[in-house]
Visitor: 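Dumping the structure here so I can ask a few things about it.
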There are 2 protein chains.
Amino acid sequence: MPRPPKLTAEDITRTALRLGDREGAEAMTMRRIAAELDCDPMSLYRHYTNREALLDAVADAALAAVGEPDADEPWAERLTGLLTAVRDAALRHPGVTAHIAARPPLGPQGRRIAAALIGTLADTGLPPADVVRTTQTLIAYLAASLAMSVHAGTRDARWEQVRTVFDELPGGMPGQELNIVGSTDQFGYGLRLLIDGIRARSAGPRV
Amino acid sequence: MPRPPKLTAEDITRTALRLGDREGAEAMTMRRIAAELDCDPMSLYRHYTNREALLDAVADAALAAVGEPDADEPWAERLTGLLTAVRDAALRHPGVTAHIAARPPLGPQGRRIAAALIGTLADTGLPPADVVRTTQTLIAYLAASLAMSVHAGTRDARWEQVRTVFDELPGGMPGQELNIVGSTDQFGYGLRLLIDGIRARSAGPRV
DNA sequence: TCAGATGAATCTACACCGTAGACATTCGGG
DNA sequence: CCCGAATGTCTACGGTGTAGATTCATCTGA
């Protein structure tokens, strides 16, 4: 083993994550990250084959704060707790939120969380064949909610335009209160929807 | 009005869409699109302020093929039909699928589809305040499914790794058949889950 | 008929990006 | 002592989005 590395893969992800938090996603270029580490841009390629691979690792690292669910709670609470924790962790690092949304991390953290999800869903009484599918569905929903949050600010106006459609519907009640796109409230609503669906399916599977 | 424009905004989106279908998403650079139209790259900026804005328009245009739902069907069928149509339209243009997934289009087509969704959900018996929230949830889920489809090929291996977690669970049945990430089957499953959730909520709202 | 206005299309140029490929450096083991 | 080998560095290339100035074709009013 020649020349002990002065730069570990973890150093890189940690620094990149901080940089992304501080200056936004588009600041996480190879050159900027290297500058932050005070090393040559090309050195990063010793640890990650691509910029893509590096960002995957950074996104995964951002989920390290997500803890294990409490095994004593009923599955629905565990599920909400877990998914909320992931959402919070992702939003706490705005620089990588978009990346997490676009391609849910499957690094060590991602796999750990997926395992926890599967473990929780195993207690729902859902047919075994459906557990993994449900996991994917939940991850997909979570990812999408994050994507909505990322662009919420820029797009709320256009959503408002969509929402007026409802007001003009026969029987629709105009003057409804605003539903903020990507809000925590909105996330929780969809989650309850999904959990109700799981409950309905696990009780008596339909179709 | 001096000098009639030889280049319309729609020309651009149509050409860019074709180019993206033929050569992939990363081929849709300003220069390549301009080359395809046989004009100067900078000319595109007369019609779209950004590359971003241009791609938004292209993504929206890709949804033009989605038809209006049949008002005679029950709402659940209308919903599945509509969402499936959007999914098909998006997948038929692989060059923009990722973009559609990342930021659901809110151009004319997107708004038309959102309106159709709202119209359908208005018949569910769902509390009025929840209709728009459910719309957002469904769009989020659809977007997420598309995102999964995009990267399915590259990531199935790692998903396989996740799936083995389930096999090792006490009471888990190893040797389960493979669930292909982003497949139509997977999409349909989550959709049924959501519809069951809607049904449960519209019957007797819980919480 | 012709100057001028007006906006579309173009040209040039800049700063920046990811990264291939050759090179230098620094260590442990024989 | 030297050699193999992995790490860090340097240079350079082809590409990107797009700002700013400029050309050009057309319509208008005199």
Side-chain angles (χ1 to χ4, degrees), chain A residues 1-61 95-96 98-99 102-103 150-151 154, chain B residues 1-61 95-96 98-99 102-103 150-151 154:
Chain A
M1 316 280 109
R3 196 180 189 175
K6 80 168 187 185
L7 199 63
T8 76
E10 202 214 337
D11 285 340
I12 298 179
T13 54
R14 200 179 45 243
T15 306
L17 186 57
R18 261 214 339 244
L19 176 62
D21 289 345
R22 181 160 27 95
E23 309 197 22
E26 66 285 353
M28 295 194 298
T29 76
M30 301 304 262
R31 286 173 158 91
R32 297 279 287 102
I33 296 171
E36 209 76 11
L37 286 160
D38 200 49
C39 73
D40 190 274
M42 291 310 279
S43 299
L44 306 177
Y45 289 92
R46 295 281 165 197
H47 302 270
Y48 298 100
T49 63
N50 275 344
R51 180 177 121 102
E52 179 77 18
L54 198 161
L55 289 186
D56 281 352
V58 175
D60 193 74
V96 293
H99 195 264
R103 26 184 50 187
V150 171
H151 308 295
T154 17
Chain B
M1 312 278 107
R3 196 181 189 174
K6 79 169 190 184
L7 200 63
T8 76
E10 203 215 337
D11 285 340
I12 299 178
T13 54
R14 201 179 45 243
T15 307
L17 186 57
R18 262 213 342 244
L19 177 62
D21 290 346
R22 182 159 28 94
E23 310 197 21
E26 66 285 353
M28 295 194 297
T29 77
M30 302 305 260
R31 285 173 161 89
R32 296 277 289 105
I33 296 171
E36 208 77 12
L37 285 161
D38 200 48
C39 73
D40 190 274
M42 290 312 277
S43 299
L44 306 177
Y45 289 92
R46 292 282 157 189
H47 302 269
Y48 299 100
T49 63
N50 274 346
R51 179 176 123 99
E52 180 76 16
L54 198 162
L55 290 185
D56 281 352
V58 174
D60 193 74
V96 292
H99 196 264
R103 26 184 51 186
V150 172
H151 307 296
T154 14

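Fair warning: this is a prediction, and the values are worked out from it, not measured in the lab. Convention: sequence-line order gives letters A, B, ...; per-chain numbering from 1.
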Visitor: When you compare the side chains of B:Thr8 and B:Asp11, does any donor N or O come within less than 3.5 Å of an acceptor on the partner?
Guide: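 Result is yes, a qualifying pair exists.
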Visitor: Can you name the side-chain contact (heavy atoms from CB on, under 4.5 Å) partners of B:Arg46, sequence neighbours left out?
Guide: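 Checked B:Arg46 against side-chain contact (heavy atoms from CB on, under 4.5 Å); zero matches.
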Visitor: Go through residues 15-31 of chain B and report each residue with a non-hydrogen atom lying under 4.0 Å from DNA chain D, sorted by number.
Guide: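 Those residues are B:Thr29, B:Met30, B:Arg31.
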Visitor: How many whole angstroms separate atom CD1 of A:Ile12 from atom P of D:dT7?
Guide: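 Distance check: A:Ile12 CD1 to D:dT7 P gives 11 Å.
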Visitor: For A:His47 and D:dT7, is the shortest distance between a side-chain N/O and OP1 or OP2 below 4.0 Å?
Guide: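 Checking A:His47 against D:dT7: no side-chain N or O falls below 4.0 Å of OP1 or OP2.
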Visitor: Any side-chain N or O of B:Asn50 less than 4.0 Å from the OP1 or OP2 oxygen of D:dG17?
Guide: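 For B:Asn50, the contact criterion (side-chain N or O under 4.0 Å from OP1 or OP2 of D:dG17) is not met.
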Visitor: Answer whether the closest heavy-atom distance between the side chains of B:Leu54 and B:Met28 falls below 4.5 Å.
Guide: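 A side-chain contact under 4.5 Å is absent here.
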Visitor: Give the rounded distance in Å between these two atoms: CG of A:Asp40 and P of D:dA6.
Guide: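 Atom CG in A:Asp40 sits about 20 Å away from atom P in D:dA6.
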Visitor: What is the distance, to the nearest angstrom, from the CG atom on A:Leu37 to the P atom on D:dG8?
Guide: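 Those two atoms, CG and P, are 11 Å apart.
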Visitor: Kindly say if A:Lys6 contacts the phosphate of D:dA6, meaning a side-chain N or O under 4.0 Å from OP1 or OP2.
Guide: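 Answer no for this pair, as no side-chain N or O of A:Lys6 is under 4.0 Å from OP1 or OP2.
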Visitor: Could you give the side-chain donor-acceptor pairs of residues 31-39 of chain A under 3.5 Å, partners two or more places apart or in another chain?
Guide:
from	atom 1	to	atom 2	distance (Å)
A:Arg32	NH2	A:Glu23	OE1	2.7
A:Arg32	NH2	A:Glu23	OE2	2.9
A:Glu36	OE2	A:Arg22	NH2	2.6

Visitor: Does B:Ala9 offer a backbone N or O that forms a donor-acceptor pair with the side chain of B:Tyr48 under 3.5 Å?
Guide: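 Checked: pair present.
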Visitor: As an exercise, state the distance from CG of A:Leu44 to OG1 of A:Thr29, rounded to the nearest 0.5 Å.
Guide: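 Between A:Leu44 CG and A:Thr29 OG1, I get 9.5 Å after rounding to 0.5 Å.
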Visitor: From CG of A:Leu44 over to P of D:dC10, roughly how many Å is that when rounded to an integer?
Guide: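 Going from A:Leu44 (CG) to D:dC10 (P), I get 13 Å.
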Visitor: Measure from OH on A:Tyr48 to C1' on D:dT7 and round the result to the nearest Å.
Guide: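 A:Tyr48 atom OH is separated from D:dT7 atom C1' by 16 Å.
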Visitor: In this structure, how many angstroms lie between the P atom of C:dC23 and the OH atom of A:Tyr45, rounded?
Guide: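 Roughly 21 Å, once rounded to whole Å.
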Visitor: Has the side chain of A:Arg46 got a donor or acceptor atom sitting under 3.5 Å from an opposite partner on the base of D:dG8?
Guide: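 Yes, the side chain and the base share a sub-3.5 Å donor-acceptor pair.
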Visitor: Rounded to whole Å, please give me the gap between CG in B:Leu54 and P in D:dT16.
Guide: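 Nearest whole value for this atom pair: 15 Å.
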Visitor: Tell me whether A:His99 contacts the main-chain N or O of A:Val58 through its side chain, where contact means a donor paired with an acceptor under 3.5 Å.
Guide: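 Between the backbone of A:Val58 and the side chain of A:His99 there is no qualifying donor-acceptor contact (under 3.5 Å).
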Visitor: Once you round it to whole Å, what is the distance between C1' of D:dA19 and CE of B:Met42?
Guide: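 About 7 Å, once rounded to whole Å.
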